[in-house]
Every structure is written in C-alpha cells, then in structure tokens.
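These notes are about the structure you will find just below.
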Amino acid sequence: MSWLTEMPQMSRADMLTLRQTLDGAYRTFSRQYGDSIEAFFNPLLQFLIGFERLLLTTPWWLVLGVITALVYAASRSWKLSLGVVVALMLIGWFGMWEDTMRTMSIIMVCTLLAIAMGIPIGILMAASDRARSVITPVLDVMQTMPAFVYLIPVVMLLGIGRIPGVIAVVIYAIPPVIRLTNLGIRLVDKEVLEAATAYGVSPLQRLLGVQLPLAMPNIMAGINQTIMMALAMVVIASMIGVQGLGQPVLRSITNQYFTLGLLNGLAIVVLAIIFDRVSQAYARRAQRHMGVRDS
Amino acid sequence: MSESSRADVQIRVEGLYKLFGAKAKTTMARVHAGESKTEILAATGHTLGLRDINLDIRRGEIFVIMGLSGSGKSTLIRHFNRLIDPTEGRILIEGTDVMKLPPKQLREFRRHKMSMVFQRFGLLPHRNVQDNVAFGLRVQGVKRQQREEEARRWLKDVGLDGYEEQFPSQLSGGQQQRVGLARALCTNADILLMDEAFSALDPLIRSEMQDQLIELQARLQKTIIFITHDLDEALRLGDRIAILRDGALVQVGEPRDILLEPADNYVESFVRDVNRARALTVDAVMKPPRYRITAHSIDEALAQMRTLKSDWGYQVSDSGAYQGILNRNRLEAAQQSGGDQTPLDQLLESVPGISGKVALEEVLPKTLNTEYALPVVDEQGELQGEVSRREVSRILSRQQQDPEAAPEH
Ligand SMILES: Nc1ncnc2c1ncn2[C@@H]1O[C@H](COP(=O)(O)OP(=O)(O)O)[C@@H](O)[C@H]1O
Ligand SMILES: [Mg+2]
C-alpha cells in the first residue's frame, strides 16, 4: 500500500502528455491568432511609442514645466510642486532622465488603461451580484498569481516588447480600481440613492450624478493603489523588454552594480511618491465637501 | 381622474401587503391564514412589513402615519412612489395604478407627481445647496438658469437665503432639512412624502420646522403624507392620523378621535401621556351652542330663555354675530327697576368669544373664570359652539383615571 506512505502521484508519462497537450494547444493558438492579436494591439503600440518619443524629444525644461504645472493644478500646493521640480532635477543630474521619462510614459498609459477598463468593470460588478461572484475570484487569481507566470503566455503570444509589458502591468495593477469602484458604489448612502430614485432619475443619471461621484473617494483610492502597483511592476516588466528605470536595475542585479541599482531604485521611489502625493492631493481637493478628512 | 376627484380622494391604497424575503409570493398563504408577524418570521424567515392596508388620502390634507419603530411606516410610505413594490394590493394615485406604470412612465410620475423628504436628509454631499434644491428640476431636464431661479426662490421660502453656495456638510441638521424641504417643494409636485423628516432634529428646531411646514401648507395646499413616531408631532401636524402596529392599521381618524376614542390598548398607550390640554384644539371638544338667543327686547329675551329652559343665553345679532351673554336675573332686575326699554346691549355680560383654533390649554383659565360655557366664534364672529368647564374637565380628567404603568415606547 504505497499511498499510505507516499502521496499518490500521476505518472511521469501522464504529466508529460498533459504538458505537451496544453503547450501544443496554446502554441497552435498563438501561431494562428498571434498576428491578428498583434495587429489588434498595434494602435496601442503606436501610441506608446509616440507618447514616449514626445516626452523624450521635447526639451527637458518644457517637460519639467508641464509636469510641474500639472502637479500644481492637481494639488494646488506650492510645496509639493517645488518638491517635484527638485526631485526631477536630481534625477536628471544623475543621468536617469530618459529612463524616467520612459517609465513615466508607460506608467501613465498603463494607469489610464487600467482606469478605462477597471471602472466599467467595477460598475458592472456593483450592479450585479452575479457579475461580482464571477469577477471576484478572477481578481483574486490576478493578484496572487506570480507575475512571471502570466508573463509566459503573453510573451509566447506577442514576443518581447512594450505591449506584453503593458498587458502584464495592467493585469497586475487593475484589481484595486475594480475592487474599489465596486466597493465605493455599493457603499453609497442608501438614503441618497433613494432620494435620487424618488426624484425620478434614469439609470444613467443615477450612475453619473450620484453613484460615481459618491463613490469617488474609494475609486480614487483604487486608482492610487493601481498606480503604485504599476510602478512596482516596472522592474519585472523590464525583463520582457520594457525600457525604462527597470532595465538598469535588472542589469545591476546581474552585474552587481550596487550604486546604479540604488539610484534607479530611488528614481522609481521618487516617481511613486510624486504620483501618490499628487493623486491624493487631487482626491482630497475634489472631495473636500464629502466628509473626507485631511489625513 | 373624475372618479377620484369627486370623492376628493387623491391616493387610495387597497389591500396592500408587503412581505420581505426571497419567497414572498408563496409565503403569502401564511399571511392570509392569519399567522402573526413573529410566527411567519420564525417559520420562514420572511418579515411581514405590511398587512392588508386600506387607506384613502384626500387632496390637500396632512395625513400622518404613526407607529413605533419597525411598525412599517417607512415601508408604507415607500410604496406611494414605488421605492418598494408591494407583494399584493394596489396603490391608486388620482386613479392611476402605480404598479402598472412601465419604467419610463414611473420616472415621469416620480419627477412630477411626488417628492420626498428623508429622515437623514439624503442630500448630495458633492453638490452645493442650490444644486441640491434644483436636483429635481435638473433630473427633469429644466434649463440651468430657470432651475437656479426656482431653487433660489424656494431657498428664500425656507429661510436659507444666502446659503446657495454652501455645501450640505457646512450646514446644521435643521438647515440641511430645510434644504431637503426646499428640494421637495422645488419640483412643484402636489404630493409630498415626508419620512420622519423632523425626527433627527433637536426638539427646538423640530418645532420650528413644524411651524414652518404648517405655514407653508396653509399657502401651498399640498397633499402631505407625514411619518412620525412622535404623537405630539402627529397631533400638531395631522389633519388625520393613521396608526400602524406590526404592519397593520389599527386606527385612522382625526386627532380628536385618536385622543378621545383610542381604538385599542396599543393606541391608548400612545395617547396616555399626551398633554391633552395642549394637543386638543377648542373646536375638537366644543359642543353646539345650547342657548342661542336672538332677541331685540328684554321681554323677547326672557321669553326665549323660558323656551330654552335656561337662565342665560348667547345673544346673537340678526347678522349672526355673537354679542355677549344675557342673564335672566340681570334682565329681570332691569325690568323691575322700570327699565323695560333699556337696550339689550347695555345688559350684555361681555364674555369674549374664543377661537376654535387655539389649544384647550390656552382657554383653560377662562373656563374657570366664568360660570357660563365659553362661546366659540369663527373669524367672522359667528357663534360656532360652546366649551363648558365641565366638558373640559371631563376630557382632561379621563387621563388621570388611567394610573397604569407608563406606555411602552
Ligand atoms: N428591505 C427589507 N428587508 C427585510 N425586512 C425589512 C426591509 N425593510 C424593512 N423591513 C422590516 O419591515 C418592518 C418595518 O420596517 P420599517 O418600515 O422600516 O419600519 P418603521 O419605518 O416603522 O420603523 C421591520 O420589521 C423591518 O425589519
Ligand atoms: Mg422608518
């Protein structure tokens, strides 16, 4: 009775067939549809490249000026804006300007994609309990599955480059927006919703005029987390050819360049802080009447 | 339209049942079999919200629905604009069965026919006061300029002039509820639903809001359905009061019916500690005037008293206006002293008429100061009725005859 002492295990031969069948099936799939999928993503790729080029070819002081203006517009804080200028100047001083711009461009695109897809999915999830019971486990898998694992099929399908990077980052970073949009809508004050219904709102008026605005604090928190998670993926994404601050870090690991790694790591941290502070300051300002206290 | 307006009934509720739970329809059999709310809850997990409600609400009245917490008040009021769908029964508003309205028409109906005020205000926190008031008009698609004009007008009416740009979180509870009221009035709907609208407010603010509502109502003549768990508020506002217990109506009537003829012990326990002198108005307790005299001379007056078998009477002029009280002794004394021709005017005892609208409390001292029943007159000075000291003390003392424990609530 071997199963008493040893866990029953499938035979090697069976395992091999399983792997070969699945791998074979996926390979056939990617051979068959790889091109059309690539074509589907082509506009996005062009946009990514264009945006990156824009950031890189524009004179640094103009980019810096625009960023600072955006930061000020969002936060209305001189202190924060000044901090951003200093931080970005330092990044440039240490020779990381171009990589930072690349990373910033991909993070912004990924975040926008995540928001553009995440909010509608979150709305759907809040509107229907059935949708929620389907989507929740998917999100759980997306968040717990090691990023490397879903990089494999993406790379098999699309090769190495920006698009697989974007897909990987979006998959990794999208769950918080979805979850918090759903939560935010479900937590909207029942009486306010009732009031809206009592005054005869249409479903669209309810969504745009009541549910989304009242869910905004939570949605903003979700967006903030999404940005942070996207940044956390920068290094991993660089393994599949996404240019930016991740690549020098990766090189530093293989070659044991401590200082280079540290500097680029710090640049990522600076970006994270900028995104975080600005999005939070904006959220606070936008919701100052909604009982959200400054923290 | 014609059918309901003839009876002046604007809202009619027929055989309304509401059962909360997944299998409400099939569980209704138990309700019809007469099982109680607790039994049904224990056996099936379904909560009986309303049981066989039948009501007629008249145009222009303040109809108060009262009951303890959990008695189904909110459930009932939410049926009128279908925030809740009934399990059984019909709701007719001006003859239209609201249950039969398809979604789009239901929205139109909600936009124009009814508006609602909520206990915790239900204002949009991200909109300023003016936008909140204009909300209903905005939903209707009214142009910005027009709806803002309207909103400002109603804000002025509720006493919030100058608060247009404030946000709800910057206002006190009372002010927020004024915004809620202005929002409800702004759509010009003729039915106003108010679910414990003043219950979250401090007593002082609450009574201010009650005054304001009465004042507005005198001008606007809406049909108001007002929910409260507070009998004093119900008595103060209600033209009629319905009392709910465990989802069933136990009594519907005018305030005096509720106070003086409570249908059962439940209602009794509600009204027991009410200060009747304060809650009842004079016209709720007055009787028709017994001794009405329309004389032009002493002889005539004495003759009329003899037919009335009374020693005194209310002298009423030809135009029907109350003049004063004539007393037989005084008339006879005047006659004996040879003043047969003394004008009656000079012999009148001036006992001023009281208004029927005031609280009993206010006229209580006056009833004690005179041996006569006090004359009740209307605004034109015409004699409407009388209030005797004995009647007042009978009504007020009924309370003291119930020395039982304090009511449950
Ligand atoms: N959505 C609901 N689901 C289940 N039970 C409910 C629901 N709404 C109200 N009830 C129940 O119906 C009864 C009446 O509630 P409600 O109308 O809110 O009472 P009131 O407003 O008089 O305090 C209570 O027993 C309550 O628990
Ligand atoms: Mg209630």
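Predicted, not measured: the structure shown is a model, and the values here were computed from it. Quick note on labels: first sequence line is chain A, next is B, and so on, each numbered from 1.
- Heavy-atom pairs under 4.5 Å with chain A were tallied for Phe167(B), Phe121(B), Phe135(B); the largest tally goes to Phe167(B).
- Proximity to chain A is limited to the side chain of Thr187(B), based on heavy atoms less than 4.5 angstrom apart.
- When all heavy atoms of Arg111(B) and Gln205(A) are compared, the closest pair comes out as NH2-OE1, 3.3 Å.
- Glu194(A) touches chain B through backbone and side chain together, each having a heavy atom under 4.5 Å away.
- Of the atoms belonging to Phe109(B), not a single heavy atom falls under 4.5 Å from chain A.
- When Glu108(B), Gln170(B), Met114(B), Gln119(B) are compared by the number of non-hydrogen pairs under 4.5 Å with chain A, Gln119(B) comes out ahead.
- By the 6.0 Å contact criterion, OH on Tyr282(A) is open, its count of non-hydrogen atoms from other residues, nucleotides or ligands being 12 or less.
- Residue Asn81(B) holds its CG atom at 9.0 Å from OG1 of Thr197(A), rounded to the nearest 0.5 Å.
- Using a 4.5 Å cut-off between heavy atoms, Leu193(B) does not touch chain A at all.
- In terms of heavy-atom proximity, Leu83(B) sits nearest to Ala198(A) at CD2-N, 4.0 Å.
- The distance from the CZ atom of Phe118(B) to the NZ atom of Lys190(A) is 9.0 Å, given to the nearest 0.5 Å.
- Across all non-hydrogen atoms, the minimal contact from Gly180(B) to Tyr199(A) is O-OH, 4.4 Å.
- Of the atoms belonging to Ala196(A), heavy atoms from both backbone and side chain fall under 4.5 Å from chain B.
- The two residues Leu123(B) and Val192(A) come nearest to each other via the heavy atoms O-CG2, 3.5 Å.
- No part of Ala189(B) comes within reach of chain A, as not one of its non-hydrogen atoms sits under 4.5 angstrom from that chain.
- Heavy-atom contacts from other residues, nucleotides or ligands closer than 6.0 Å to CD of Gln145(B) number 12 or fewer.
- Heavy atoms closer than 4.5 Å to chain A are found nowhere in Arg82(B), neither backbone nor side chain.
- Identified by a heavy-atom distance below 4.5 Å to chain B, contributing residues of residues 107-120 of chain A are lacking entirely.
- Neither the backbone nor the side chain of Gln140(B) comes within less than 4.5 Å of any heavy atom in chain A.
- The minimum heavy-atom distance between Gly200(A) and Arg107(B), with the atom names listed, is O-CD, 3.6 Å.
- For Arg179(A), the CZ atom counts as densely surrounded, since its 6.0 Å shell holds more than 12 non-hydrogen atoms of other residues, nucleotides or ligands.
- Identified by a heavy-atom distance below 4.5 Å to chain B, contributing residues of residues 63-89 of chain A are lacking entirely.
- Taking all atoms of both residues into account, the shortest heavy-atom contact from Ala195(A) to Gly122(B) is CB-O, 3.6 Å.
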